[in-house]
Peer 1: 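Pasting a structure below so you can have a look.
Remember, predicted model here, so these are calculated numbers, not experimental data. First the proteins, then the strands, lettered A, B, ... as listed; each starts at 1.
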2 protein chains.
Amino acid sequence: MTQRSQPLYQEIADELLDEIRSGKLPVGTMMPTEMELCERFGVSRHTIREAIRQLGELGLLTRQAGLGTIVKATEARGTYPQSNESLDALLRYPPETALEVRSSEPVTATLELAKTLGSKVGTEWIKISGVRSVQGQDKPICWTDVYVIPEYARVAEEIGKEPVPVYRVVESLFGEQVTEVKLDLFADGVPESMAEAVQVAAGTPALVVVRRYTGHKKRVFEVSVSVHPQDRFTYSAELRRD
Amino acid sequence: MTQRSQPLYQEIADELLDEIRSGKLPVGTMMPTEMELCERFGVSRHTIREAIRQLGELGLLTRQAGLGTIVKATEARGTYPQSNESLDALLRYPPETALEVRSSEPVTATLELAKTLGSKVGTEWIKISGVRSVQGQDKPICWTDVYVIPEYARVAEEIGKEPVPVYRVVESLFGEQVTEVKLDLFADGVPESMAEAVQVAAGTPALVVVRRYTGHKKRVFEVSVSVHPQDRFTYSAELRRD
DNA sequence: TAGTGGTCTAGACCACTTC
DNA sequence: AAGTGGTCTAGACCACTAA
């Protein structure tokens, strides 16, 4: 018996995913039946179903009793964790937005900040502020405050060089890996302090997007707070049930 | 053996959800263990795990081996656009809020309305307006304009009787079935016309949520536009990569 | 050490689709 | 009638947590 660092169904899901991505199981075709997969992998039906469920949750498959399982898409994460496509899809930023850093400084979480960040009062953070713009547009789409843990302070010097999200920079610089992103969206007025930078009057309605990035060991290593003035940004999501 | 119209694990999930929402299983407390639930409902562990999985997909629970299951929330968090399963769960367990209907009338789509609804100019819709409230709270969480196709006009008389979303009423009245939901979220000021009803000053920042429901034959049968004044509502979403 | 949830097996019956 | 996925049972062993 080979040693396993992950569940059997996960390994099977990975293997099936490879076959879908490589075109061995093309989009639009039928997957092997559960019984065929049971025999092929030498496991019970329950294990196969769990593996298939994993792929189903990614939206790669649709299933119907009496009919079978159909491959619907190839968009997926690989065995080696570097595909952030699904996260990028969630974040919905056009790929060519750039963050122009205005300031960078250490801060200590007050009660209010701690509440926003989901951390404890007194926690140390590096606060990096700036405006994010789409190339070719005069007005920025948002003011962003990015909070990272102190050991990642160096990102401040690196972001802005490339038009990619900050968490991407953290991932590549420090080998951090995003395992979870939590989003909160709500309305607020544009604060006086940001008004000039985003070229609107203070108090103008704004969409505030808070993103909490969780990495190894359930540690939140980055939180970003983006304030989008009215008419600059719409968050879109799409949910299917086939 | 009693006749079942739905799977056992669904019925169990329904019952557990009731207990969470009613406060019988308060947020922050431990759920009964799997074995306890097995004995209580007289089913196998697999069935209990399937029921608990349903609630977990709504973000109501967190689980940890060796520790137990903790109740985290009474209402489903927002959705993330990756999972078919969670759309099912969300459509199955919508948030419990009641709509108090203020008006109901046929309208013809102007250019602006057509843009919002994603329909053509001149299309006929039934517009149902009202305020939506959570039981026990004094101020409503939003003003909502619901647009349904003319043949579903009758929903106007039925909604408000039960604390369920409008699409639910449409589903049960007309046998329509939601296959896809598109969401748009953006910021705007509260219009003069709604200010009094939602008890804020006109121009107050608000989160606007537009939901487009697609049913059979890719037909959009309902669009809802909800205007949530500042501090009344936060949209949450979550994406995991395990 | 006892108990939890996580994984896995080896069966079974069902509603549904296709032939 | 045969085969599919959907549901369900009754076991088992594991890693992890808490006392």
Side-chain angles (χ1 to χ4, degrees), chain A residues 1-16 25 28-57 59-72 179 216-218 241-242, chain B residues 1-16 25 28-57 59-72 83-89 91-92 177 240 242:
Chain A
M1 184 73 92
T2 65
Q3 212 170 3
R4 279 210 318 274
S5 55
Q6 59 175 345
L8 243 182
Y9 68 81
Q10 204 53 267
E11 288 187 1
I12 293 171
D14 287 343
E15 189 155 338
L16 292 174
L25 293 172
T29 63
M30 302 295 288
M31 287 271 291
T33 68
E34 294 183 354
M35 281 314 297
E36 286 170 349
L37 293 172
C38 286
E39 290 174 13
R40 171 178 155 192
F41 290 102
V43 300
S44 76
R45 196 174 156 215
H46 174 82
T47 302
I48 291 296
R49 284 180 66 79
E50 195 61 38
I52 289 178
R53 187 200 290 260
Q54 297 278 314
L55 302 182
E57 282 178 0
L60 303 184
L61 310 172
T62 61
R63 319 197 71 193
Q64 191 173 344
L67 230 170
T69 303
I70 301 171
V71 181
K72 289 294 261 189
T179 57
H216 295 305
K217 295 176 282 187
K218 298 188 176 181
R241 174 171 69 178
D242 293 297
Chain B
M1 181 79 86
T2 66
Q3 210 170 5
R4 280 210 317 275
S5 55
Q6 60 177 343
L8 244 180
Y9 68 81
Q10 281 297 357
E11 289 187 1
I12 293 171
D14 287 344
E15 191 157 335
L16 292 175
L25 292 172
T29 63
M30 302 295 288
M31 287 273 291
T33 66
E34 293 182 354
M35 280 314 296
E36 286 169 351
L37 293 172
C38 287
E39 290 174 12
R40 171 178 156 192
F41 290 100
V43 300
S44 76
R45 195 173 157 216
H46 174 81
T47 303
I48 290 295
R49 283 180 67 79
E50 196 61 40
I52 289 178
R53 190 200 290 260
Q54 295 277 315
L55 302 182
E57 281 176 2
L60 270 38
L61 309 173
T62 61
R63 319 196 71 194
Q64 192 172 344
L67 230 171
T69 302
I70 301 171
V71 180
K72 291 294 259 189
S83 167
N84 290 330
E85 304 244 347
S86 53
L87 175 58
D88 278 337
L91 292 176
R92 178 165 197 85
Q177 195 186 348
R240 283 204 190 85
D242 290 302

Peer 1: Taking only N and O in the side chain of B/Arg63, is any of them less than 4.0 Å away from OP1 or OP2 of C/dG6?
Peer 2: yes
Peer 1: Separation of A/Leu55 atom CG from D/dG5 atom P, in whole Å?
Peer 2: 14 Å
Peer 1: Starting at CG of B/Leu37 and ending at P of D/dT9, how long is that distance when rounded to a whole Å?
Peer 2: 13 Å
Peer 1: In whole angstrom, what separates B/Arg53's CZ from D/dT7's P?
Peer 2: 11 Å
Peer 1: In whole angstrom, give the distance that lies between atom CD1 of A/Ile48 and atom C1' of D/dT4.
Peer 2: 15 Å
Peer 1: Any idea which of C/dT9, D/dT4, D/dT7 is nearest the A/Thr33 side chain?
Peer 2: D/dT4
Peer 1: Using heavy atoms to find the nearest nucleotide of DNA chain C for A/Thr47 and B/Met35 separately, return the residue whose nucleotide is more 5′.
Peer 2: B/Met35
Peer 1: Side chain of B/Arg49: nearest nucleotide among C/dT9, C/dG6, D/dC8?
Peer 2: C/dG6
Peer 1: Under the side-chain contact (heavy atoms from CB on, under 4.5 Å) test against B/Ile52, which residue among B/Ile12, B/Leu61, B/Leu60 passes?
Peer 2: B/Leu61
Peer 1: Which parts of nucleotides 12-19 of chain C does protein reach within less than 4.0 Å, heavy atoms only, written one letter per nucleotide 5' to 3' as B for base, S for sugar-phosphate only and - for none?
Peer 2: B---BB--
Peer 1: For the pair made of CE in A/Met31 and C1' in D/dT4, what is the distance, rounded to whole Å?
Peer 2: 14 Å
Peer 1: Can a side chain N or O of A/Ser44 be found less than 4.0 Å away from OP1 or OP2 on C/dA10?
Peer 2: no
Peer 1: In Å and rounded to the nearest 0.5 Å, what is the OG1 to CG distance from B/Thr62 to B/Leu67?
Peer 2: 8.5 Å
Peer 1: Once you round it to whole Å, what is the distance between C1' of C/dT9 and CD of A/Glu50?
Peer 2: 14 Å
Peer 1: Which pair of heavy atoms, one from B/Tyr9 and one from B/Thr47, lies closest together, and at what distance?
Peer 2: CB-O, 3.5 Å
Peer 1: Nearest whole Å is fine: how far is C/dG6 C1' from A/His46 NE2?
Peer 2: 9 Å
Peer 1: Going by side chain to side chain donor-acceptor pair (under 3.5 Å), name the residues that satisfy it together with B/Gln64, two or more places apart in sequence or in a different chain.
Peer 2: none
Peer 1: List in chain and number order the residues that pass side chain to side chain donor-acceptor pair (under 3.5 Å) with A/Arg49, two or more places apart in sequence or in another chain; answer none if no residue qualifies.
Peer 2: A/Glu34
Peer 1: Among the candidates D/dG6, D/dC8, D/dT9, find the nucleotide nearest to the side-chain atoms of A/Glu34.
Peer 2: D/dG6
Peer 1: Could you pull out the closest heavy-atom pair between A/Leu25 and A/Pro32, with the gap in Å?
Peer 2: CD2-CD, 4.1 Å
Peer 1: Judged by atom type as modelled, is there a donor-acceptor pair below 3.5 Å linking the side chain of A/Glu36 to the main-chain atoms of A/Thr33?
Peer 2: yes
Peer 1: Tell me: CG of A/Leu61 to P of D/dG5, nearest whole Å?
Peer 2: 11 Å
Peer 1: Nearest of C/dG5, D/dG6, D/dC8 to any side-chain atom of B/Tyr9?
Peer 2: D/dC8
